[in-house]
Protein chains: 2
Amino acid sequence: MQLETATIKTIADTIGLSLTTVSRVLNGVAKKYRISKATEERVLAEADRLGYIPNQAARNLRLKKSFAIGLVIPNLANPFFANIVSVVNQVLHERGYSVILTDCNEEEKLEIEAVNALSARNMDGMIVIPSGRGKKHLELLRQKRTPVVFIDRYFEDLAIPYVATNHYDGALKITEYLIANGHRKIACLQGSNHVMPNIKRVQGYIDAMKGHGHDPFYIGGNGFTFESGYLETKLLMQRSERPTAILALSDTILLGSLKALAEDGYRVPEDISIATFDNSVYLDFLACPVTSVSQPVTDIATIAIKLLLDKIEQQSTSGLTEQEKILISPAIIYRSSIASIP
Amino acid sequence: MQLETATIKTIADTIGLSLTTVSRVLNGVAKKYRISKATEERVLAEADRLGYIPNQAARNLRLKKSFAIGLVIPNLANPFFANIVSVVNQVLHERGYSVILTDCNEEEKLEIEAVNALSARNMDGMIVIPSGRGKKHLELLRQKRTPVVFIDRYFEDLAIPYVATNHYDGALKITEYLIANGHRKIACLQGSNHVMPNIKRVQGYIDAMKGHGHDPFYIGGNGFTFESGYLETKLLMQRSERPTAILALSDTILLGSLKALAEDGYRVPEDISIATFDNSVYLDFLACPVTSVSQPVTDIATIAIKLLLDKIEQQSTSGLTEQEKILISPAIIYRSSIASIP
DNA sequence: GTGAAAGCGCTAACAG
DNA sequence: CTGTTAGCGCTTTCAC
């Protein structure tokens, strides 16, 4: 059992053939060059015996293709993103690509570093969920002709395709549902106020309220975090005019909000109604199961990959067509966290 | 704005210096070769102007070092693993390594493919949470001298370091806590019965029962899944002799179990007590907050990386020392899901 | 049917 | 203080 890694040269030497022939056999183009069956089998047998694994760095350098897709996401600890990564990973591996992951911890600085690092590694394509507002690092990728697609978060003014939930639509519908149940004092607990999903969701909330002749009651919070939900709810319930319902713009915010409500002795939905985004699996098992907007994660990931691989394979320099800005309308999963009030 | 990617040669040509000098400056060893400040600045300025990013494939090929760590995990949709990946990612990026991720969907076949693919990409090291029972693909890595460390799941008979929760200890303690609260009919809902964490946890349960003079009441289930928890609980509650307590060996199992209990009208903890492993953040917000064994994820990930980077940097061929099998005792987080019974 | 040789971008002796 | 050169492992013209 040799300790040296087997290379094409090792194989060529041991069976007395040239590098070229070995390479051809190993690349499955034997018949194209009319290499004899006997030779082919000898090569294959020897490669197997030596446990030959092609050196990807060399292929990468030579072919200017890495068979790898970069994945840049804000935060893996958030189950919503973890799910996306899980699906993306699976589909990509089936197609023979490796996935290089970076978790940016919602920091723009890390995102820029990540994009550059991936660029250095010659990604064949990238899927990014931007953490920040900056776009320059993303535009640089166009220079390098690296196909990119956004998932979930996106920039409308960039010529980069995106696939996302129709956040506006989801927020509009769920707010209207609250209104239909008699709620007027609906507080909206937002996430990071610069990212598109949040902007669209807040807009949906506002438009639903206004559309039914109400002023938006309250918009607060500053991150898709447990802490933001907790603090904001604590503050909210101190106000002279309390809400009858809370719309949390993510499940992480929801959990923080629920903790604050429980601490202060408010019951859901008797004292206050609540609704959320993301539809995490545990919503069914909370003290009061929570009605939620459900994002079509699998669909989003699958479509995004299809878009990306199309771009990679055809390398079309054609402009952005209308189909490449894709929004998928979410479903609402009704549970028991919303009470009808007079 | 040029479309061609800048290389060291591009820079050298435009400012009329040699590749070597440019390379040296860019690698930060300018002073070592006493390159003049002026030259250094010209190089840096030009690199910046051209948006130069070093080609990692070339470095990799040349240095036989990829500055990348392979991460092989069973299933990202499981928040416990997602957390590990999140922490690992963060620490590794701080140290200048990229992370190549593979989600094996708990399938051994995918795990083997993943390990080989990563091997082809010359990983400097690998962190793996094995999905399967097979070890051959892991042993091959030793040939290539690729450092590996296991997290969470491990093989005791392999000369590969591991860092994991002391699963046995956690199960023992929480079972004893149930017994101390008067429970005798404690059902254990297990995960994949071939993986080490499960085996150790079940053993802890058995030993706690026997240690207090009781026979293990019931052991069932076949995976760390929602479905297994659900089905097993349904079956369990049909038995003539019902348990007074359930020990779910993961939070995913717990959620399934809770769903079954709720469907059949059992209240926690009035009708039945329950305890779990993993301590997911949402446990606090369930209908009844659930007492749980809390795994020290951050510690585990941090220690594992330290071990791995040590191995990578010193390339010690020394044998496995005692410190390289590390088990960390978990804490128990007490909530209100366990009732005292007479 | 098979092989020789060039070159992808980079680093590191070795040579001044 | 700076440059020349070889070579990492692979694919691919071009040649026989």
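Below, chains carry the letters A, B, ... as their sequence lines are ordered, and counting in each starts from 1. The shown structure was predicted, so the numbers you read here are calculated from the model rather than taken from an experiment.
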Side chains of B/Ser86 and A/Asp103: any donor to acceptor distance under 3.5 Å?
yes
Polar side chain donor-acceptor pair, B/Thr10 to B/Thr7, under 3.5 angstrom
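Side chains of B/Thr10 and B/Thr7: pair found under 3.5 Å.
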Give a yes or no answer on whether the side chain of [X] reaches the backbone of [Y] with a donor-acceptor pair at less than 3.5 Å.
X        : Y       : result
A/Arg121 : B/Gln56 : no
B/Asp124 : B/Phe67 : yes
B/Asn83  : A/Ala77 : no

Starting at CG of B/Asn60 and ending at P of C/dA12, how long is that distance when rounded to a whole Å?
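Answer to the nearest Å: 14 Å.
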Using a strict cut-off of less than 4.0 Å between a Lys/Arg side-chain nitrogen and an Asp/Glu carboxylate oxygen, indicate whether B/Glu46 and B/Arg42 qualify as a salt bridge.
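No, no charged N to carboxylate O under 4.0 Å.
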Just jot down the salt bridge (Lys or Arg N to Asp or Glu O under 4.0 Å) partners of A/Asp13, sequence neighbours excluded, or say none.
A/Lys9
Around B/Lys65, counting heavy atoms of other residues, nucleotides and ligands shown, do more than 12 lie under 6.0 Å from its NZ?
yes
Can you pull out the residues from residues 30-39 of chain B that lie within a 4.0 Å heavy-atom distance of DNA chain D?
B/Tyr33, B/Arg34, B/Ile35, B/Ser36, B/Thr39
Do nucleotides 5-11 of chain C as a string where each nucleotide becomes B, S or -: B if the base has a protein heavy atom under 4.0 Å, S if just the sugar-phosphate does, - if no protein is that close.
BBBBBBB
